[in-house]
Amino acid sequence: MTSDTMRANRKVTMLLPLSFGCAYASLGTSSASVRPNMLFFFPDELRYDWGGVVNNPYYNNVDLPLITPHLDDLARNGVRFTRAFVGAPVCAPSRACLASGRQYDENTVPQNFHNDFDANVTTFYKILRDEAGYHTMVTGRDDLDKSSGGPGENGSKHANALGFSDQIRCDGSTDVTRGGVPHEPFGNWLASQSVDNATIARRYNSTNLFDLQLKRYAELGHSRVGDEKGPFGSYAIPDPMPLPDKAYQDNWIGEQALTLLQRRPRDRPFFIEVSHQAPHPPMDITASMMTRNALRQRRFPTPTMNTGVPNATVVIGRQNYAAKIEQLDYWLGQYKALLKEQDVLDNTIICVASDHGEMLFDRGGTAKSKPWSSASSVPLICGGPAIEPNRVVDRAVSTVDLAPTFLDFAGVLSKAPAGMSQDSLMALMTAETQVPKRNIVRFGLNNFRGVVEYVNATHVYKFFCCNGACPGSTPADRNGTLPGDDEYHLFNIADDRFELPASELCHVLPARVARYIGMLPPRHVTPANPNSSIPSQGHGYMWNGCLARGI
């Protein structure tokens, strides 16, 4: 999984799996006053149908050939939300929605490199720390300071104002090498490590791992500032990365999470967010990940509406995506093992979610920033004290509501400020009757806004409207849309989660479309940010409202 050196330096051993069924019983009378610890396992770019997949219904009830014992165990012995959507399907805006418990249009982060998160806005981390007495920790890429260049040399930029008691933060992916020089903790660590493989050192003319990583990104088609070049250079990577296991970013993040858990105070409850980099591209994996469990012999379901991406690209891209997920599962197992060793696993709630999904060649595309469910929907699984085992919730929920959920478990939901969601999901996890606080969730980004409404188990409507063409749409999706019109779609995702053109309901249910249009925000403009670290993304963003015609 990781290098022998990494394993030798760590006391904790891997247990496959530590069952939540026994450890996560109801709190009971004797410990009813004990507030639960919370581990928020937060990978980047994990789509809804590739995480904690137990008899996945979206692929004709055939399990994906993923080997994820810890995610699967959590799904079996906890609560799995099958229709969880993000506030905004791209990194920084989604994480702003999560931290603040506010909708996309109520935050000040319209795109990845437009604004930092406003540290004057109260986060749920801060409420947990200051009102509930939690020791709040974060490691990995939280992206709350993305616009200004990341969390800083030591990772502590705005950390206290954001509500963290302790942190080991970093940039993610190619942001680590932006500018060509180390500027944050992971890059600084890479620069301190020599290239021990003489063949690799000669091939890349590199003496340290930061320079090697920089040159590997260039080899994959990335510039020195981290911009991706070419549509699939970051996905169809047949050879292993030249860096050792210890330099694979999620292994470094995992080690930092263990460090935080080991040095935390023992006299108060804790909350830790582990913001893993994977399975975000580049889909660059280590040699050990590539040779594990016959990865290259496994075949994953083909993309939906693939519009010409070569099969070889799809196969390798999806295999590498799977390898990244399986490495994440390894680290979830490590965290559980350490918590068991510390005798706190029984009183720790573990939740898994992601900031957005990944198209993964659906509709011939990749990445996120699109309204389709492959990009806008994520896994959401929770297990722990008082959480019902083996429960599947099919109602539409939002990761925006995780902020009040964590506050609710800590007993301080009443401390949530005006503007923060009050729609805790705790009752859906613990109560015998699943009574949601709301049936409608919202999402949006750039030129599109949407709503998802749960009517009943067989009718879950998803509507979205785009100013102009929808990102990621194909000619088949746009069929019937007049030039100059906004593009808008309505689907019953209880029938078709992949939103195929044959399932389009816009012209079948015009009254419902009109109702949903009335729920979308009015026209507004986000001012330009001339100080953006990526000038091309510092321009203003305009939402014109939904100008759907023929309704």
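Every residue meeting the side-chain hydrogen bond (donor to acceptor under 3.5 Å, both in side chains) condition with Y204, not counting sequence neighbours, appears here in chain and number order: E219. Taking F42 as the reference, F40 meet the ring pair (Phe, Tyr, Trp, His ring centres under 6.0 Å) condition, with sequence neighbours excluded. For K462, the salt bridge (Lys or Arg N to Asp or Glu O under 4.0 Å) partners are E499, not counting sequence neighbours. Applying the ring pair (Phe, Tyr, Trp, His ring centres under 6.0 Å) criterion to Y321, with sequence neighbours excluded, gives W50. Residues meeting the side chain to side chain contact (heavy atoms under 4.5 Å, CB included) test with N205, sequence neighbours left out: K215. Every salt bridge (Lys or Arg N to Asp or Glu O under 4.0 Å) that D477 has, sequence neighbours left out, goes to R363.
No donor-acceptor distance shorter than 3.5 angstrom exists from the side chain of Q256 to the backbone of I168, with no hydrogens or angles considered. Side-chain atoms of R395 never come within 3.5 Å of backbone atoms of Y454 as a donor-acceptor pair (strictly under, hydrogens ignored). W252 places no side-chain N or O within 3.5 Å of a backbone atom of G140 that could act as its donor or acceptor partner. No donor-acceptor distance shorter than 3.5 angstrom exists from the side chain of N208 to the backbone of S192, with no hydrogens or angles considered. When atom types are taken as modelled, the side chain of R169 and the backbone of G155 share a donor-acceptor pair closer than 3.5 angstrom. A donor-acceptor contact shorter than 3.5 Å links the side chain of E326 to the backbone of I67. A donor-acceptor distance shorter than 3.5 angstrom exists from the side chain of R318 to the backbone of L360, with no hydrogens or angles considered. Side-chain atoms of R47 come within 3.5 Å of backbone N or O of E358 as a donor-acceptor pair. Distance alone, capped at 3.5 Å, places no donor-acceptor pair between the D250 side chain and the H276 backbone. Within the 3.5 Å criterion, the main-chain N or O of M137 finds no donor-acceptor partner in the side chain of Q167.
Closest approach of P240 and R216 over heavy atoms only: O-NH2, 3.5 Å. Residues D284 and D239 approach most closely at OD1-O, 4.2 Å, considering heavy atoms. When every heavy atom of A191 is checked against every heavy atom of P182, the shortest pair comes out as CB-CG, 3.8 Å. Minimum heavy-atom separation, I325 to L46: CD1-CD1, 3.6 Å.
Between Y235 and F361, the ring planes are perpendicular. Angles over 60° get that label, and only those under 30° would be called parallel. The aromatic rings of F85 and F443 sit parallel to each other, their planes meeting at less than 30°, with 60° as the upper class boundary.
A salt bridge does not link K157 with D145: none of the charged nitrogens is closer than 4.0 Å to a carboxylate oxygen. For D362 and K370, the salt-bridge test fails: no basic side-chain N is under 4.0 Å from an acidic carboxylate O. Here K324 does not pair with D44 in a salt bridge; the nearest charged N to carboxylate O distance is not below 4.0 Å.
Screening L209, D196, N197 for a side-chain contact (heavy atoms from CB on, under 4.5 Å) involving P244 leaves a single residue, L209. When Y488, W372, F448 are each tested for a ring pair (Phe, Tyr, Trp, His ring centres under 6.0 Å) with F464, only one passes: W372.
With 3.5 Å as the limit, one finds a donor-acceptor pair spanning the side chains of K368 and H280. S94 and D355 share no side-chain donor-acceptor pair at under 3.5 Å. In the model, S275 has no side-chain atom that pairs as donor or acceptor with a side-chain atom of D142 under 3.5 Å. Using modelled atom types and a 3.5 Å distance limit, the side chains of R497 and S377 yield a donor-acceptor pair.
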| message | Applying side-chain hydrogen bond (donor to acceptor under 3.5 Å, both in side chains) to Q319 and R298, what does each step give before you reach the verdict? | response | CA-CA 7 Å; Q319 287 172 339; R298 284 186 267 166; over 6 Å; no

